[in-house]
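The basis for the numbers below is simple: all heavy atoms, side chains too, and nothing from hydrogens, waters or symmetry mates.
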Amino acid sequence: MSNGLNPGAESAHDNLGENRACLPGGHCGGIWQHPEEVEGKTMKILSGTLAAGGCALLALSVSPAFGDSDVSHNWNSENEAEAMRIFRDKYIELGGEWSDTAFPDSEASIASVKARFIGGNPPMALQSALGGVMRDFAEAGLLQNMDEAAEAGGWADNISDSIAAVGRYGGHWVAAPVFVDVINWMYTNNDVLDAAGVAQPDTWDDFTASLPALQEAGVVPIAIGGDSWQEAILFDHVVLAVGGAELYENLMTGDAATVAGEQTRRVLEEFAGLRQYTDEGKSGRSWNDTNTLMITGQAAFFFMGPWAAGGYGDLGPEGGSWSCRLTPWDASLTVVADGFQFIKVTDESDMAAQVLLGNAVMDPATQIAAARAKGTLPVTTVAMASDFEGCPAKAVEAMAGSTSITHWNGRSADVGNAIKDTASALWNQAIDVDAAHQQLIDKL
């Protein structure tokens with residue numbers, strides 16, 4: 001996935017000026033920034049799987065690499081699959097022949113792309129959050145330069161400058177941003193709360209006070225699965241409870257005084273205190289199996305991204321038996337852009353397929369339809385609040401008066417891994433609060 005880019009070339013934010021994410025209806029978030037603008041440090045080329053093959057990758061980046069029309073992704077839930085079908089249908093309508101490979105999570109999909117690149121058979125595109133992962137790939141010389149396709153297809157015509165920057169590295173198009181996911185949703189089974197005599201919590205104190213009552217009523221107060229990223233999403237809500245957007249932003253940017261401070265320690269204490277209100281079956285459980293606990297009335301609260309909303313259709317419309325709410329105890333949105341990174345290929349037919357895919361997913365009407373199916377927001381500025389209902393409509397409305405901050409999944413891999421590793425180790429009692437605090441200090 002090399003585009004021949006120079007890692008020392010100008011970064012995407014150099015041309016942004018004031019960088020605010022403008023979303024459906026023209027709403028512009030408060031302090032949402034492109035990941036390169038908030039990191040303030042140079043990324044390592046790649047970590048984990050790819051680091052072990054660094055020398056091989058440097059050689060491969062200048063040797064022939066042949067891809068196919070395969071799209072690697074982790075969109076598996078019913079609503080995610082429908083969104084992918086909409087993109088697929090547009091791609092086929094434009095003349096392409098579709099193939100995709102689905103993985104249970106983004107980590108598995110990303111690892112597969114790395115391995116396939118090393119093996120000389122990369123997919124033509126990787127669906128992922130566009131931030132730290134994309135920057136890692138670009139710095140390793142693994143992304144295709146799509147400037148000509150973007151110019152000819154008018155990719156930037158109907159998106160904000162800051163969203164366009166998310167699709168570029170070093171000033172060159174390497175990805176197509178399609179969605180802006182607001183991550184910090186709290187899902188509630190309202191029937192479960194009613195049966196337990198518990199009111200919808202509006203404050204952190206209300207929320208924590210409701211947990212013993214729900215447990216006494218014989219339900220799981222907090223549904224959560226066994227992945228580190230699920231645990232880290234719950235962690236996000238605790239950070240917002242303790243210190244709001246300012247604390248969240250300072251943690252994510254590694255502000256030394258904040259990371260070492262008392263507020264961060266309190267976050268860890270509050271987070272660890274929630275463990276007693278979960279169920280013993282959480283270890284190793286997937287997010288969608290965890291969502292089933294909510295749908296079947298076995299659990300009260302679930303903290304998850306917008307993809308979870310598609311599972312509640314059998315319970316009726318949002319606001320009845322179930323509800324989705326952005327973190328009630330703080331008016332902040334944690335957001336990340338999602339889209340398709342283009343893998344370095346040299347075969348002309350494969351490159352033509354990439355151009356076709358880019359034009360398909362950047363089509364405004366297709367983006368709006370796919371976003372409605374997925375339950376999230378498209379990046380196109382053509383979209384209006386009236387295009388949405390339920391949870392996405394709430395997100396659009398919240399954009400007008402809330403502070404938007406980049407989620408850890410849209411930042412460097414180092415930041416995301418620090419949050420996930422520390423939250424997971426503390427949650428699973430591999431370390432205590434003191435050790436977790438020191439680990440964050442060391443990692444951030």
Side-chain angles (χ1 to χ4, degrees), residues 77-80 182-227 230-242 269-331 375-376 388-395 397-398 427-428:
S77 66
E78 183 178 345
N79 53 326
E80 290 173 325
V182 180
I183 306 299
N184 57 312
W185 290 99
M186 180 178 81
Y187 296 90
T188 305
N189 188 310
N190 297 334
D191 291 342
V192 168
L193 262 63
D194 291 344
V198 172
Q200 280 274 12
D202 294 321
T203 68
W204 179 249
D205 288 342
D206 289 343
F207 171 70
T208 55
S210 74
L211 302 178
L214 290 163
Q215 196 169 59
E216 188 174 333
V219 297
V220 179
I222 302 173
I224 189 170
D227 300 310
Q230 294 188 61
E231 295 152 356
I233 286 178
L234 174 58
F235 183 82
D236 292 337
H237 292 261
V238 182
V239 174
L240 294 176
V242 172
E269 291 172 342
E270 296 275 359
F271 178 66
L274 298 178
R275 190 190 308 113
Q276 62 187 304
Y277 298 112
T278 60
D279 70 302
E280 294 181 359
K282 61 182 176 292
S283 179
R285 188 169 58 210
S286 67
W287 76 265
N288 44 338
D289 286 340
T290 303
N291 209 24
T292 300
L293 295 180
M294 296 287 295
I295 297 164
T296 56
Q298 299 176 66
F301 300 113
F302 186 36
F303 297 88
M304 189 49 58
W307 49 87
Y312 293 87
D314 290 344
L315 295 183
E318 191 276 331
S321 293
W322 70 283
S323 63
C324 55
R325 304 173 71 195
L326 292 158
T327 308
W329 36 85
D330 186 75
T376 191
F388 304 94
E389 58 185 15
C391 305
K394 289 185 177 184
E397 183 179 0
W427 185 255
N428 293 288

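When the side chain to side chain donor-acceptor pair (under 3.5 Å) test is applied to Asp279, the partners found at least two apart in sequence or on another chain are Arg285. Scored by the side-chain contact (heavy atoms from CB on, under 4.5 Å) test, Thr292 finds Thr296 as partners (sequence neighbours excluded). Scanning for side chain to side chain donor-acceptor pair (under 3.5 Å) contacts around Thr188 gives an empty result, with sequence neighbours left out. Residues satisfying the salt bridge (charged side-chain N to carboxylate O under 4.0 Å, His left out) criterion with Asp202, sequence neighbours excluded, are Arg325. Not counting sequence neighbours, the partners of Glu231 by the side chain to side chain donor-acceptor pair (under 3.5 Å) test are Ser424, Asn428. Every side-chain contact (heavy atoms from CB on, under 4.5 Å) that Val198 has, sequence neighbours left out, goes to Leu193, Ala196, Ser210, Ala213, Leu214. The side-chain contact (heavy atoms from CB on, under 4.5 Å) test applied to Ala299 returns Val220, Ala223, Leu293, Met294, not counting sequence neighbours. Taking Glu269 as the reference, Arg265 meet the salt bridge (charged side-chain N to carboxylate O under 4.0 Å, His left out) condition, with sequence neighbours excluded. Residues meeting the side chain to side chain donor-acceptor pair (under 3.5 Å) test with Thr208, sequence neighbours left out: none.
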Side chain to side chain contact (heavy atoms under 4.5 Å, CB included), that's the test. Do Phe302 and Trp185 meet it? Break it down for me. CA-CA 8 Å; Phe302 186 36; Trp185 290 99; over 6 Å; no

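Side-chain contact annotation: Asp205 with Thr203, donor-acceptor N/O pair under 3.5 Å absent. No hydrogens or angles considered: a donor-acceptor pair under 3.5 Å links the side chains of Asn190 and Ser323. Checking Gln298 against Asn189 by side-chain atom types alone, no donor-acceptor pair falls below 3.5 Å.
Listed by first and then second residue, the salt bridge (charged side-chain N to carboxylate O under 4.0 Å, His left out) pairs involving residues 293-303 amount to none (not counting sequence neighbours). Applying the salt bridge (charged side-chain N to carboxylate O under 4.0 Å, His left out) rule to pairs touching residues 287-312 yields nothing, sequence neighbours excluded.
Taken to the nearest 0.5 Å, the CD1 atom of Ile222 stands 7.0 Å off from the OG1 atom of Thr278. Going from atom CE of Met186 over to atom CG of Leu234 covers 11.5 Å, rounded to the nearest 0.5 Å. Atom OG1 of Thr290 sits about 5.0 Å away from atom CD of Gln230, to the nearest 0.5 Å. Atom CD of Glu80 is separated from atom CD of Glu78 by 11.0 Å, given to the nearest 0.5 angstrom.
Checked against a 6.0 Å centroid threshold, the rings of Phe303 and Phe207 count as neighbours.
Ring geometry, Trp427 versus Phe271: the interplanar angle falls from 30° to 60°, so the pair is classed tilted.
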Which pairs would a plain distance check flag for residues 312-321, meaning a side-chain donor or acceptor within less than 3.5 Å of a matching protein atom at least two apart in sequence or in another chain?
{"from": "Tyr312", "atom 1": "OH", "to": "Asn291", "atom 2": "OD1", "distance (Å)": "2.5"}
{"from": "Glu318", "atom 1": "OE2", "to": "Cys324", "atom 2": "N", "distance (Å)": "3.1"}
{"from": "Glu318", "atom 1": "OE2", "to": "Lys394", "atom 2": "NZ", "distance (Å)": "2.7"}
{"from": "Ser321", "atom 1": "OG", "to": "Asp191", "atom 2": "OD2", "distance (Å)": "3.0"}

